[in-house]
Novice: 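Here you go, one structure.
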Amino acid sequence: MHFSQLLWRDNLGLYERILKMPFNQELMQGTLCKKIFTHYIIQDAHYLLAYGRALAVCAAKAANAEEVIQFSEAARVAIVFERSLHKDFMQKFGISPAQFAATPLTQACHHYTSFLSATAWSESYPVVLAALLPCFWIYAEVGRYIVEHSAPDNPYQAWIDTYAGEEFHHAVREVIMTLDQVAQQCDHETLNKMQQVYKRGAELEWIFWDSAYRQRDWPEGLSE
């Protein structure tokens, strides 16, 4: 069994819980409240910028030239997509540049991005790879599932198509292949740490979606 298959098997229950979340079910049905999706899009744009930075650090730690190119390109794509969120999705859903700039990271987004940043800077290349993988892989599988069951004339179809498209899925397969190759050279301690950070990343994916659906922010009065 490839190491990636072990990771997926051990966290399958969490992925299935993510599929059943109200956010993803209502997104699939096209009934998700616009305000909730707007909240999500703003936080996702914040997240993608941090994710791109973590990918850039991953590229700097990569084992060979091909993997430096792979993750440098992934970092570029994350930033380009973050910009497209500003231009396309945000414009479509009425989010102004001023509104985005004035909206801070939620607790969930702050926690997730801080985890990725800390892991990227402080851990070894294999562990960084494992921490970054849940975002790639879970989004690809959720996107595939939703596009297969999406309601006709879904107002969120453009977002769904982004993560269900072959270009994104090809990139995900390449990352999984790289992780499996790297894992073959790792000792038992490193593999255990890779399992731990993958699980934490998957948990934070669930928390991010749950927070977006409930529109959770920092408690009022903290800055007073």
Side-chain angles (χ1 to χ4, degrees), residues 1-19 44 47-82 109 111-145 162-209:
M1 178 182 290
H2 292 302
F3 186 68
S4 61
Q5 294 173 313
L6 177 67
L7 293 176
W8 189 259
R9 184 200 67 187
D10 288 350
N11 294 278
L12 180 60
L14 182 55
Y15 164 69
E16 291 173 343
R17 285 178 60 196
I18 288 172
L19 282 184
D44 196 40
Y47 169 84
L48 284 169
L49 180 57
Y51 191 65
R53 287 173 174 152
L55 283 165
V57 178
C58 182
K61 293 185 173 185
N64 54 57
E66 288 75 18
E67 290 166 24
V68 171
I69 293 170
Q70 180 183 9
F71 292 105
S72 295
E73 176 62 14
R76 186 192 71 82
V77 169
I79 302 303
V80 167
F81 186 62
E82 184 270 333
C109 188
H111 188 171
Y112 198 174
T113 57
S114 296
F115 162 74
L116 291 176
S117 178
T119 303
W121 285 107
S122 65
E123 296 290 352
S124 65
Y125 174 55
V127 177
V128 177
L129 262 179
L132 290 167
L133 182 57
C135 180
F136 275 116
W137 202 353
I138 292 174
Y139 261 84
E141 294 303 321
V142 169
R144 189 201 310 272
Y145 177 85
T162 298
Y163 291 104
E166 177 53 31
E167 182 178 359
F168 181 67
H169 280 260
H170 174 75
V172 173
R173 290 193 296 270
E174 292 292 314
V175 173
I176 293 171
M177 186 182 303
T178 298
L179 179 124
D180 283 330
Q181 292 169 351
V182 169
Q184 290 176 2
Q185 310 302 319
C186 293
D187 58 27
H188 184 68
E189 182 179 353
T190 302
L191 292 174
N192 280 341
K193 188 172 285 188
M194 292 168 73
Q195 289 175 298
Q196 292 169 11
V197 297
Y198 180 91
K199 181 179 180 181
R200 180 49 49 89
E203 291 169 341
L204 287 167
E205 284 292 320
W206 186 94
I207 289 171
F208 190 92
W209 266 309

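Below, each value reflects all heavy atoms present in this structure, side chains not excepted, and no hydrogens, waters or symmetry copies. Keep in mind it's a predicted model, so treat the numbers as computed, not measured. Along the sequence shown, residues are numbered consecutively beginning with 1.
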Novice: With a 6.0 Å cut-off (strictly less than), is the heavy-atom count around CD of Glu166, excluding the residue itself, greater than 12?
Specialist: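 Count over threshold, so yes.
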
Novice: Can you see whether Thr178 engages Glu67 through a side-chain donor-acceptor pair at a distance of less than 3.5 angstrom?
Specialist: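 No.
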
Novice: Tell me, with the steps shown, if Val128 and Trp121 meet side chain to side chain contact (heavy atoms under 4.5 Å, CB included).
Specialist: CA-CA 8 Å; Val128 177; Trp121 285 107; over 6 Å; no

Novice: How many angstroms lie between OH in Tyr125 and CD in Gln185, if you round to the nearest 0.5 Å?
Specialist: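 Here the interatomic distance stands at 12.0 Å.
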
Novice: Taking the side chain as C-beta and beyond, is there a heavy-atom pair between Glu203 and Lys199 under 4.5 Å?
Specialist: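 Yes, their side chains come closer than 4.5 Å.
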
Novice: Within this structure, what is the CG-CD distance for the pair Leu191 and Gln184, rounded to the nearest 0.5 Å?
Specialist: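 Spacing of CG (Leu191) from CD (Gln184) equals 10.5 Å.
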
Novice: Between Trp206 and Tyr112, does the ring centroid distance fall short of 6.0 Å?
Specialist: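 So the answer is no for these two rings.
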
Novice: Atom SG of Cys109 and atom CD1 of Ile207: how far apart are they, to the nearest 0.5 Å?
Specialist: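 Answer rounded to 0.5 Å: 12.5 Å.
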
Novice: So, are Glu205 and Arg200 salt-bridged, with charged N and O less than 4.0 Å apart?
Specialist: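 So Glu205 does not pair with Arg200 through a salt bridge.
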
Novice: Specify the closest pair of heavy atoms between Ala75 and Ala56, including all atoms of both residues, with the distance to one decimal.
Specialist: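 Reported closest heavy-atom pair: CB-N, 3.8 Å.
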
Novice: Using side-chain heavy atoms (C-beta onward) and a distance below 4.5 Å, is Tyr47 in contact with Leu116?
Specialist: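 SC-SC contact between Tyr47 and Leu116 confirmed.
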
Novice: Flag the pair Tyr139 / Pro134 as yes when at least one side-chain heavy-atom distance between them is below 4.5 Å, and no otherwise.
Specialist: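 No, too far: nothing below the 4.5 Å cut-off.
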
Novice: Leu55 versus Phe136: any side-chain heavy-atom pair under 4.5 Å?
Specialist: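 Leu55 reaches Phe136 side chain to side chain.
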
Novice: Shortest non-hydrogen contact from Val197 to Ala131?
Specialist: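 It is CG2-N, 3.7 Å.
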
Novice: Tell me whether the centres of the aromatic rings in Tyr15 and Trp8 are closer together than 6.0 Å.
Specialist: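 Yes, the ring of Tyr15 comes within the 6.0 Å limit of the ring of Trp8, centre to centre.
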
Novice: To the nearest 0.5 Å, what is the distance between OG (Ser124) and CD (Glu189)?
Specialist: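 The distance works out to 9.5 Å.
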
Novice: Indicate yes or no: at least one non-hydrogen side-chain atom of Ile138 is less than 4.5 angstrom from one of Trp209.
Specialist: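 Yes - at least one pair of side-chain heavy atoms lies under 4.5 Å apart.
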
Novice: How long is the straight-line distance from CD of Glu66 back to CD of Gln181, given to the nearest 0.5 Å?
Specialist: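 Here the rounded value is 10.0 Å.
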
Novice: Does the ring centre of Phe3 sit less than 6.0 Å away from the ring centre of Tyr198?
Specialist: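 Not close enough - the centres of the two rings lie 6.0 Å or further apart.
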
Novice: Can you tell me how far the OH atom of Tyr51 sits from the OG atom of Ser117, to the nearest 0.5 Å?
Specialist: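 Rounded to the nearest 0.5 Å, the OH-OG separation comes to 14.0 Å.
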
Novice: Begin from the C-alpha positions of Asn192 and Gln195 and carry the test side chain to side chain contact (heavy atoms under 4.5 Å, CB included) through to its verdict.
Specialist: CA-CA 5 Å; Asn192 280 341; Gln195 289 175 298; 3.3 Å; yes

Novice: Are more than 12 heavy atoms, taken from residues, nucleotides or ligands other than Lys61, located less than 6.0 Å from that residue's NZ atom?
Specialist: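 Enclosed.
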
Novice: Is the backbone of His2 close enough, under 3.5 Å, to the side chain of Asp180 for a donor and an acceptor to pair up by distance?
Specialist: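 Checking the backbone N and O of His2 against the side chain of Asp180, no donor-acceptor pair under 3.5 Å is found.
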
Novice: Measuring only between side-chain heavy atoms, which start at C-beta, is Met194 closer than 4.5 Å to Leu179?
Specialist: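 Answer yes - side chains close enough.
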
Novice: With a 4.5 Å limit on heavy-atom distance, are the side chains of Leu132 and Val175 in contact?
Specialist: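 No. Closest side-chain heavy atoms not under 4.5 Å.
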
Novice: Between Ile79 and Leu48, is there a side-chain heavy-atom distance shorter than 4.5 Å?
Specialist: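 Answer no - side chains too far apart.
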
Novice: Looking only at heavy atoms, which two atoms of Cys186 and Thr190 are closest? And how far apart?
Specialist: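 Closest approach of Cys186 to Thr190: SG-CG2, 3.8 Å.
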
Novice: Write down the atom of Val172, the atom of Ala140, and the distance for their closest heavy-atom approach.
Specialist: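 Taking Val172 first and Ala140 second, the nearest heavy atoms are CG2-CB, 3.8 Å.
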
